[in-house]
Amino acid sequence: MDQLDMLDPTGQMTTLAPISESPLTPTHQHLHGSYHSMNHMMSHHHPGTLSGHTGGHHGHSAVHHPVITAAVAAAGLHPDTDTDPRELEAFAERFKQRRIKLGVTQADVGKALANLKLPGVGALSQSTICRFESLTLSHNNMIALKPILQAWLEEAEAQAKNKRRDPDAPSVLPAGEKKRKRTSIAAPEKRSLEAYFAVQPRPSGEKIAAIAEKLDLKKNVVRVWFCNQRQKQKRIVSSVTPSMTGHGSAGFGY
DNA sequence: ATGCATGAGGA
DNA sequence: CCTCATGCATA
């Protein structure tokens, strides 16, 4: 049934272009930090930067090396106790449990962060809090967010002891603005994209265009799909990891 | 909870 | 165009 829809990446690839590409850049990237713009009402401004990026690679490959770890410890510099995936995992779970115990939603946490008035720390979305709890963020992103969420948690629990209750009730939703629309890629097309991704995670612009036309999708949609797919691969917990989805001897999602 | 998208910053 | 952090919209 699907044989018509299911393109054979390996076979069709020759029609699109030679499989020679990918200069394979060492992935050197500098983060910039948070921001939110497209708000046509008010322009908030985030002066700070949430990213604690090291300035290049993923920054956690070498730190786990026994020798290096020992060297770091010997140097008196902080061990990687803050960058240890298991520590992050443990914290994420503690965080979630205590958050729920406080009767606070993920969205609430996001909003509350702005009230902490930490330097360069504004509010975050429910999505981000959720992703933090489920470890579906990059290693560096987790490390950057951990101290912030930890600060909120401590503050929230401190106030909980005081039995604080604030009776606010204003729910005046602002008028309707233009809604952003999300294009939905159908299952067959998605399967094809995955097949292409398997053989070439970073297709050239020309290839992307060819794939887009073949699948009858906008080129930009296809390009963004590949970008998002690459990001998924870098998550601490790859979406597809049925085993040990909670704890144990967490290791590496890569 | 997750899919598709935006935008800063960097080559 | 990419990577990364992040979020709106939606399943």
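Note on naming: letters A, B, ... go to the chains in the order of the sequence lines (proteins, then strands), and numbering restarts at 1 for each one. Only a predicted model underlies this, so the values are computations on that prediction, with no experimental measurement involved.
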Asks: Testing A:Q106, A:Q97, A:K96 one by one against A:E133 for a side chain to side chain donor-acceptor pair (under 3.5 Å), which residue passes?
Replies: A:Q106

Asks: Hey, does the side chain of A:H139 reach the backbone of A:T83 with a donor-acceptor pair shorter than 3.5 angstrom?
Replies: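 Such a contact is found between A:H139 side chain and A:T83 backbone.
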
Asks: For DNA chain C, list all stems, counting runs of three or more consecutive pairs where every pair is Watson-Crick or G-U wobble with both distances under 3.5 Å.
Replies: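 Counting only runs of 3 or more consecutive pairs, the stems involving DNA chain C are B:1-10 with C:1-10.
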
Asks: On the nucleotide B:dC4, are OP1 or OP2 found under 4.0 Å from the side-chain N or O atoms that A:K181 carries?
Replies: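 Checking A:K181 against B:dC4: no side-chain N or O falls below 4.0 Å of OP1 or OP2.
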
Asks: On the nucleotide C:dG7, are OP1 or OP2 found under 4.0 Å from the side-chain N or O atoms that A:R182 carries?
Replies: no

Asks: Is the shortest heavy-atom distance from the side chain of A:F132 to the side chain of A:F91 under 4.5 Å?
Replies: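 Side chain of A:F132 against side chain of A:F91, heavy atoms only: contact under 4.5 Å found.
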
Asks: Whole Å only: how far is the NZ atom of A:K234 from the P atom of C:dT6?
Replies: 16 Å

Asks: Would you check if A:Y196 and A:P203 make a side-chain contact, meaning some heavy-atom pair closer than 4.5 Å?
Replies: no

Asks: Distance check needed: B:dC4 C1' versus A:F197 CZ, whole Å only.
Replies: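 Result: 15 Å.
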
Asks: Determine whether A:I236 and A:T136 make a side-chain contact, defined as any pair of heavy atoms from C-beta on separated by less than 4.5 Å.
Replies: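 A:I236 does not reach A:T136 side chain to side chain.
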
Asks: Just N and O in the side chain of A:R230: are any of them under 4.0 Å from OP1 or OP2 of C:dC2?
Replies: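 True: A:R230 side-chain N/O within range (under 4.0 Å) of C:dC2 OP1/OP2.
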
Asks: Find the distance A:R202:CZ to B:dA11:C1' and express it as a whole number of Å.
Replies: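 Rounded to whole Å, this separation is 12 Å.
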
Asks: Could you check which of B:dG3, C:dA5, C:dC2 has an atom nearest any side-chain atom of A:K232?
Replies: B:dG3

Asks: For the side chain of A:I208, counting heavy atoms from C-beta on, which of C:dT6, C:dC2, B:dT2 is nearest?
Replies: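 Nucleotide nearest to A:I208's side chain: C:dC2.
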
Asks: Write down the distance between CH2 (A:W225) and C1' (B:dG3), rounded to a whole number of angstrom.
Replies: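 To the nearest whole Å, that distance equals 12 Å.
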
Asks: Once you round it to whole Å, what is the distance between P of C:dT3 and CG of A:L137?
Replies: 17 Å

Asks: Verify the contact: side-chain N or O of A:K179 to OP1 or OP2 of C:dT10, cut-off strictly under 4.0 Å; return yes or no.
Replies: no

Asks: Does A:R230 reach the main-chain N or O of A:R202 with its side chain, forming a donor-acceptor pair under 3.5 Å?
Replies: no

Asks: Please give, in whole Å, the distance from C:dT3 P to A:F226 CZ?
Replies: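 The distance from CZ of A:F226 to P of C:dT3 comes to 12 Å, rounded to the nearest Å.
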
Asks: Quick check against the 3.5 Å criterion: does A:S134 have a side-chain atom that pairs as donor or acceptor with the backbone of A:C130?
Replies: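 Yes.
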
Asks: Between A:L113 and A:L149, is any pair of side-chain heavy atoms under 4.5 Å apart?
Replies: yes

Asks: Quick one: does A:W225's side chain get under 4.5 Å of A:L217's, heavy atoms only?
Replies: no

Asks: Can we say A:K146 and A:E87 salt-bridge, meaning some charged N sits less than 4.0 Å from an Asp/Glu carboxylate O?
Replies: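 Result for this pair is yes, salt bridge flagged.
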
Asks: From the options B:dC4, C:dA5, C:dT3, select the nucleotide whose nearest atom is closest to the side chain of A:K190.
Replies: B:dC4

Asks: Which one, C:dC4, C:dT3, B:dC4, comes nearest to the side chain of A:I185?
Replies: B:dC4

Asks: Reckon A:K207 has a side-chain N or O less than 4.0 Å from the OP1 or OP2 of C:dC1?
Replies: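 No, because none of the side-chain N or O atoms of A:K207 sits under 4.0 Å from OP1 or OP2 of C:dC1.
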
Asks: Report the nucleotide, chosen from C:dG7, C:dC2, B:dA5, that has the shortest atom-to-atom distance to any side-chain atom of A:V221.
Replies: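 My answer, after comparing the listed nucleotides, is B:dA5.
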
Asks: In whole Å, I'd like the distance from the CD atom of A:Q229 to the P atom of B:dT2.
Replies: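 Those two atoms, CD and P, are 14 Å apart.
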
Asks: Side chain of A:N228, heavy atoms from C-beta onward: which of C:dT3, B:dC4, C:dT6 has the nearest atom to it?
Replies: B:dC4

Asks: For the pair made of CD in A:E189 and P in B:dC4, what is the distance, rounded to whole Å?
Replies: 11 Å

Asks: Identify whether any heavy atom of A:K219 sits under 4.0 Å from a base atom; if not, whether one sits that close to sugar-phosphate; answer base, sugar-phosphate or nothing.
Replies: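 The residue A:K219 makes sugar-phosphate contact but no base contact.
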
Asks: Just to be sure I understand the geometry, which residues of residues 125-135 of chain A put a non-hydrogen atom under 4.0 Å away from DNA chain B?
Replies: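 A:Q126, A:S127, A:C130, A:R131 - these, ordered by number, are the residues of the stretch whose heavy atoms sit under 4.0 Å from the strand.
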
Asks: Within the modelled atom types, does a donor on one side and an acceptor on the other bring the side chain of A:N220 and the base of B:dA5 under 3.5 Å apart?
Replies: no

Asks: With a 4.5 Å heavy-atom cut-off, do A:R99 and A:V109 have their side chains touching?
Replies: yes

